[in-house]
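Just so it is clear, the values below take in all heavy atoms, side chains as well, and ignore hydrogens, waters and symmetry mates. Proteins come first, then strands; the chains are lettered A, B, ... in the order of their sequence lines, and each starts at number 1.
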2 protein chains.
Amino acid sequence: MATIRDVAREAGVSIATVSRVFNQSALVRPETCENVREVAARLDYWPNGAARSLITSRTLALGVVLPDLHGEFFSEVIRGIDLAARRERFQILLSSSHADADALNSAVRALRGRIDGLLVLSPDAGSARVVESIASSLPVVLIHSGPDTLACATLAIANHDGALAMTRHLVALGHRRIAMLCGPAGNVDAEERLRGYRAALTEAGLMQDAALELAGDFSEECGAACVPDLLAIEPRPTAIFCANDAMAIGMVTALRDTGVRVPEEMAVTGFDDIAIGRYLTPQLTTVRADAYELGERAVGMLLPHAQARQPVPAERVSVPTRLIVRASCGAALVPTSDAAQPRRHRPLAAAARREEDGREAAGRDRGRVS
Amino acid sequence: MATIRDVAREAGVSIATVSRVFNQSALVRPETCENVREVAARLDYWPNGAARSLITSRTLALGVVLPDLHGEFFSEVIRGIDLAARRERFQILLSSSHADADALNSAVRALRGRIDGLLVLSPDAGSARVVESIASSLPVVLIHSGPDTLACATLAIANHDGALAMTRHLVALGHRRIAMLCGPAGNVDAEERLRGYRAALTEAGLMQDAALELAGDFSEECGAACVPDLLAIEPRPTAIFCANDAMAIGMVTALRDTGVRVPEEMAVTGFDDIAIGRYLTPQLTTVRADAYELGERAVGMLLPHAQARQPVPAERVSVPTRLIVRASCGAALVPTSDAAQPRRHRPLAAAARREEDGREAAGRDRGRVS
DNA sequence: CGTTTGGATGTAAACGATTACATGGACATC
DNA sequence: GATGTCCATGTAATCGTTTACATCCAAACG
């Protein structure tokens, strides 16, 4: 691999001149510049990134630490991150840690000196502390939806608002016994959704009932497995709000197998708006947390400070959610003016970004929260 | 940020000793080692990656260049790559270029000197040349399914075999007029699938008919949009094989809206086995190209040579595909012993990796090709 | 007791760039 | 013609490591 010295020798100039050519310095004579470029191309030379970032102490790279690459939600987040970073010519160093604090720590270690900023996506409650400790030495943005204000820049999904809107929607449809299938303990997203659900019940004057809150773990299997528990609750609920779509999907499938009609006998709703939801029968009513936007905005918060090599001010930004009303909640059963609309074909990818038609916009309005 | 010199001074040793401690050299006295570690922890020191890779000329990073991060298939590939790389403590530098050769070239430039090896995933026919030219200076594996043998290590999906198996399956179900919805021109995966389809028709003694080959672009919209064209073919086909699942999904949805029953009046099949397929009504018969495995094996091919800093021998490895028989092809309509089995609940994530039950295993056997 | 051996540690030269500062020549100014 | 200015270019220090080689000291050996 050719170095700057090879090019300098071959072009008959000093290494400083070659360096200047590759850094768009204006102080190089056009002919010299031309000549150097020609030689560089011939020698297949390109500045070595490691050497460059050693001396400039900037890497043009952003670290991204994830709990796991699995699942559509995270893959969309990454996509948002990648595209936003690319716009500013930043690269992405990926690292899928396992959500606990130790793994996070060692992942951050491995990234040290190779990134200008860090994005941490961790639903784990404990990880917030780790990130706070890093924040002094490296610009970092935490994508984390815990309720408390942390001593670092945080981007949160409006889980509470979304769950509130969803539960209100179920109440508005006439449901009085609304169950909730919770997410894993210690997951802040799950906890916030539960809080939103409870808030809506209180608001509607419905009694809180611990029996209505089923334990879950965000997996599809669990959504299917807890159907017997759901049906055993006395008196039987008429609706269940699942803390994420995967569980809702498992539940709808299992309910169908059990012979319970959805939504007539049991309304089921989810959270996340993953693509599969719109292909489910019945189509899944859910809350959209725009994963792409989440990634994009996280980069927007981080990048200016990463470039300036300054800590990101400890602010808390919230990404709003939107209620997406489809069939699984039974909204179509309640007579409304637009319930009979024929289903227009909607491709999953395109639709996810610009969904503004009648029924779902109505859902949005209904879901507006303060 | 503390450097090795700070630690050395504070611990009262030379920088060489500190370096040795962090490189598990056996030549350091236990007490010294202990002391250095203690000081390093106190100063929050960790070796700078850029400096390290400058001197060792190894980066412990792999570059990954993708046409676009979008879609479930690619996200699964990345997951396979990430997990396999992680096992060897390698990191992933992501770069989603736009499939053309120029973008690929500049993406590779930006990665120069920051990676030990490169994985290029490009279905574009022209990109193969670019990669060949890089292969001499950097270990690289191309994930590309073109028919020709290239002068670089290539990992290909057995598109031809998969399409052959699928078409044979439709023939075995009694179909005689089988249409194909093709992928975009210039996409090697699409072209190979078309070749496999044609081969199966020839093999079955069915006439080739250009009217049966519809142009497509791999998008769901296009699958829906070409339904009128499909229905206008005279005499009307009884089955259509779509070159990917997204198109098949669009088509199934649009056919249903048009009132054409699937699979009774029109059998529809796809390729890729994306998660949505199993939630479609009817469930989609497809060909599985295990994206996770693809990423995993690509890393397996690349990593040993990346570590040894040697070019990857120009070999062509093929990842086999598997026929996944579900309902959309009408197989359940044909009397078989297991057709009446109740549908067991299958979560998408788990099922994708260990699907060995009766019906689908049968599909695999039927799909076995030389 | 002198010599050898070998283990622990230190010294200094890389690695490949960037960039502050020095240099030198052309031109304008007085 | 001496001096100053400015532009293009060169020189050399620097970034934070790794590692070959040198050094030193204690133990082992004859």
- Tell me which of Ile15(A) and Val28(A) sits closer to the 5' end of DNA chain D, going by the nucleotide each one is nearest to. Val28(A)
- Message: The criterion is side-chain contact (heavy atoms from CB on, under 4.5 Å); which residues satisfy it with Ala110(A), sequence neighbours excluded?
- Response: Gln91(B)
- Do Arg114(B) side-chain atoms and Ala61(A) backbone N/O form a donor-acceptor pair below 3.5 Å? no
- In the 5' to 3' direction, the nucleotides of DNA chain D bounding the stretch that comes under 4.0 Å of a heavy atom in chain A are dA8(D) to dG16(D)
- Task: Give the minimum heavy-atom separation between Ala11(B) and Asn35(B), together with the two atoms involved.
- Result: O-ND2, 3.3 Å
- So among Leu93(A), Leu111(A), Leu94(A), which one has a side chain to side chain contact (heavy atoms under 4.5 Å, CB included) with Val64(A)? Leu94(A)
- NA contact type, Ser19(A), heavy-atom cut-off 4.0 Å: base, sugar-phosphate, or nothing? base
- Task: Please name the pair of heavy atoms, one in Pro311(B) and one in Ala135(B), separated by the smallest distance, quoted to 0.1 Å.
- Result: CB-O, 4.1 Å
- Quick one: salt bridge (Lys or Arg N to Asp or Glu O under 4.0 Å) partners of Arg42(A), sequence neighbours excluded? Glu10(A), Glu38(A)
- Message: Nearest heavy atom decides the nucleotide; on that basis, is Ile4(B) or Ser14(A) closer to the 5' end of DNA chain D?
- Response: Ser14(A)
- Residues from residues 31-43 of chain B lying under 4.0 Å of DNA chain C - heavy atoms: Thr32(B)
- Position toward the 5' end of DNA chain C (nearest nucleotide), Thr56(B) or Ala16(A): Thr56(B)
- Message: Can you list everything that forms a side-chain contact (heavy atoms from CB on, under 4.5 Å) with Asn23(B)? Sequence neighbours excluded, please.
- Response: Ser19(B), Arg52(B)
- With a 4.0 Å cut-off (strictly under) to non-hydrogen atoms of chain B, the first and last hit nts on DNA chain C, 5' to 3', are dA8(C) to dG16(C)
- Query: At how many degrees, to 10°, do the end axes of the helix from dC1(C)-dG30(D) to dC30(C)-dG1(D) meet when each uses five pairs?
  - Reply: 60°
- Note on the structure: So, with a heavy-atom separation below 4.0 Å from DNA chain D, the residues of residues 45-52 of chain B are Tyr45(B), Trp46(B), Pro47(B), Asn48(B), Ala51(B), Arg52(B)
- For Arg5(A), what residues pass the side chain to side chain donor-acceptor pair (under 3.5 Å) criterion, not counting sequence neighbours? none
- Message: Taking the basic N atoms (NZ, or NE/NH1/NH2) and the acidic carboxylate oxygens, is any pair closer than 4.0 Å for Arg79(A) and Glu76(A)?
- Response: yes
- Note on the structure: Sorted by chain and residue number, the salt bridge (Lys or Arg N to Asp or Glu O under 4.0 Å) partners of Arg9(B) (sequence neighbours excluded) come out as Asp6(B)
- Task: Scan residues 37-65 of chain A for pairs that pass ring-ring contact (aromatic ring centres under 6.0 Å, His included), counting only residues two or more places apart or in two chains.
- Result: Phe22(A)-Tyr45(A), Phe22(A)-Trp46(A)
- Message: I'd like to know if the side chain of Asp116(A) reaches the main chain of Arg58(A), judged simply by a donor and an acceptor atom lying under 3.5 Å from each other, with no hydrogens or angles considered.
- Response: no
- Task: Report yes or no: does Thr154(B) contribute a side-chain atom to a donor-acceptor pair with the main-chain N or O of Arg316(B) at less than 3.5 Å?
- Result: no
- Query: Can any side-chain N or O of Ser145(B) pair as donor or acceptor with the backbone N or O of Ile157(B) at less than 3.5 Å?
  - Reply: yes
- Note on the structure: Residues at least two apart in sequence or cross-chain that pass side-chain contact (heavy atoms from CB on, under 4.5 Å) with Glu88(A), listed by chain then number, are Phe90(A), Leu303(A), Gln307(A)
